[in-house]
Enquirer: 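Handing you a structure now.
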Amino acid sequence: MWFPVDEPWQYRVLDQLPSGVDDDQLAQARAATPTERVEAMCRLVELAEQLRRSMARKRTGEQR
């Protein structure tokens, strides 16, 4: 099994971000039902797929 010798670069980037909690997002998450949370995650996945397809089209020069 392979183990990295150095810390991944993402950790260094994340360590430089200020810590904290967005109170509005926390309140929204607490108020959401489990179904609403799943629906929000599905919307996020759908957005990610749209972005992935858009980036793929851009790489290949494909027009929509």
Side-chain angles (χ1 to χ4, degrees):
M1 182 178 267
W2 179 82
F3 294 100
V5 176
D6 296 325
E7 182 177 65
W9 65 268
Q10 296 94 328
Y11 292 173
R12 292 191 302 273
V13 171
L14 291 172
D15 285 343
Q16 293 179 15
L17 296 174
S19 63
V21 174
D22 185 327
D23 293 328
D24 291 333
Q25 286 185 347
L26 185 58
Q28 182 181 4
R30 286 183 174 157
T33 66
T35 300
E36 291 170 331
R37 291 178 188 157
V38 169
E39 289 169 348
M41 180 60 72
C42 289
R43 288 190 304 271
L44 180 61
V45 169
E46 184 179 324
L47 175 61
E49 280 297 311
Q50 289 174 359
L51 290 170
R52 184 193 61 76
R53 286 191 299 270
S54 176
M55 294 299 292
R57 281 194 303 269
K58 192 172 190 171
R59 276 194 308 273
T60 62
E62 179 184 327
Q63 296 293 322
R64 187 164 188 183

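Everything quoted here is computed from the prediction, not taken from an experiment. Positions are given from 1 along the sequence.
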Enquirer: Ser54 side chain to Gln50 main-chain N or O, any donor-acceptor pair under 3.5 Å?
Expert: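 Pair absent, no side-chain N/O of Ser54 close to backbone of Gln50.
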Enquirer: Scan the side chains in residues 21-30 for donor-acceptor partners under 3.5 Å anywhere in the protein, sequence neighbours excluded, and list what turns up.
Expert:
{"unit_1": "Asp22", "atom_1": "OD1", "unit_2": "Asp24", "atom_2": "N", "d": "3.0"}
{"unit_1": "Asp22", "atom_1": "OD1", "unit_2": "Gln25", "atom_2": "N", "d": "3.2"}

Enquirer: Clusters formed by hydrophobic residues whose side-chain heavy atoms approach within less than 4.5 Å: which one holds Trp9, and what are its other members?
Expert: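 Val13, which link up through side-chain heavy atoms under 4.5 Å apart, make up the rest of the cluster.
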Enquirer: Not counting sequence neighbours, which residues clear side chain to side chain contact (heavy atoms under 4.5 Å, CB included) with Thr33? List them please.
Expert: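 Once residues adjacent in sequence are excluded, the partners of Thr33 under the side chain to side chain contact (heavy atoms under 4.5 Å, CB included) criterion are Thr35, Glu36.
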Enquirer: My understanding is that only residues two or more places apart in sequence, or in another chain, count here; which of them pass salt bridge (charged side-chain N to carboxylate O under 4.0 Å, His left out) with Arg52?
Expert: Glu49
Enquirer: Output the rest of the hydrophobic cluster of Leu47: all Ile, Leu, Val, Met, Phe, Trp and Tyr residues reachable through side-chain heavy-atom contacts under 4.5 Å, sorted by chain and number.
Expert: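 Leu47 shares its hydrophobic cluster with Leu51.
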Enquirer: With a 4.5 Å limit on heavy-atom distance, are the side chains of Val38 and Pro34 in contact?
Expert: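 No, side chains not in contact.
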